[in-house]
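Heads up: the structure comes next, in structure tokens.
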Amino acid sequence: DQDKTTARTLWQEADALLKTTESIEGWGEADVKMFKAGLLNSGMALKNSRQGEKAKALLNKAAHWFEEDAEWQEKYDEIVH
């Protein structure tokens, strides 16, 4: 059940939302954790499908919000390098 058309549409919608997100300050802890998990899991999925440059581009869109997060840094390095 690989619905690539729906996946692509959802991806484009999420990417558009990411572009309009100026800050995560004021977000609840659960929201930030879900956001971070979604980014890291998406980045890993891209890497695993041999789309490393897309993974890097995605993670770099949000990296500035997680600069001080050790888990983010570890996973980022694993995905990007």
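Residue numbers start at 1 and run along the sequence shown. Remember, it's a predicted structure, so these values are computed and weren't measured experimentally. All values below were derived from every heavy atom in this structure, side-chain atoms included, with hydrogens, water molecules and symmetry-related copies excluded.
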Given side chains that start at C-beta, do those of [X] and [Y] come closer than 4.5 Å, heavy atoms only?
{"X": "Val80", "Y": "Asn60", "result": "no"}
{"X": "Gln73", "Y": "Glu68", "result": "no"}
{"X": "Leu18", "Y": "Phe35", "result": "yes"}

Check whether any side-chain N or O of Asn41 sits under 3.5 Å from a backbone N or O of Ala37 as a donor-acceptor pair, and report yes or no. yes
Does the Lys36 side chain pair with the main chain of Asp31, one donor and one acceptor, at a distance under 3.5 Å? no
For a quick check under 3.5 Å, do Ser49 and Gln51 share a side-chain donor-acceptor pair by atom type? yes
Please report the closest heavy-atom contact between [X] and [Y], naming both atoms and the distance.
{"X": "Gly43", "Y": "Ala55", "value": "O-CB, 3.3 Å"}
{"X": "Leu39", "Y": "Ala62", "value": "CD1-CB, 3.4 Å"}
{"X": "Leu58", "Y": "Ser42", "value": "CD2-CB, 3.6 Å"}

Is Leu46 reachable from Leu10 through a run of I, L, V, M, F, W or Y residues, each pair having side-chain heavy atoms under 4.5 Å apart? no
Ile79 side, atom CD1; Lys47 side, atom NZ - distance, nearest 0.5 Å: 7.5 Å
Met34 side, atom CE; Glu29 side, atom CD - distance, nearest 0.5 Å: 13.0 Å
When you look at NZ of Lys54, are more than 12 heavy atoms from neighbouring residues, nucleotides or ligands closer to it than 6.0 Å? no
Mark yes when over 12 heavy atoms from residues, nucleotides or ligands other than Lys56 sit less than 6.0 Å from its NZ; otherwise mark no. no
Anything under 30° is parallel, anything over 60° is perpendicular, the rest tilted; go ahead and classify Phe66 against Trp72. parallel
Salt-bridge test for Glu71 and Lys75: reply yes if a basic N is under 4.0 Å from a carboxylate O, no otherwise. no
Return each pair, listed once, that meets side chain to side chain donor-acceptor pair (under 3.5 Å) where at least one residue sits in residues 7-21; pairs must be two or more places apart or across chains. Asp15-Lys61
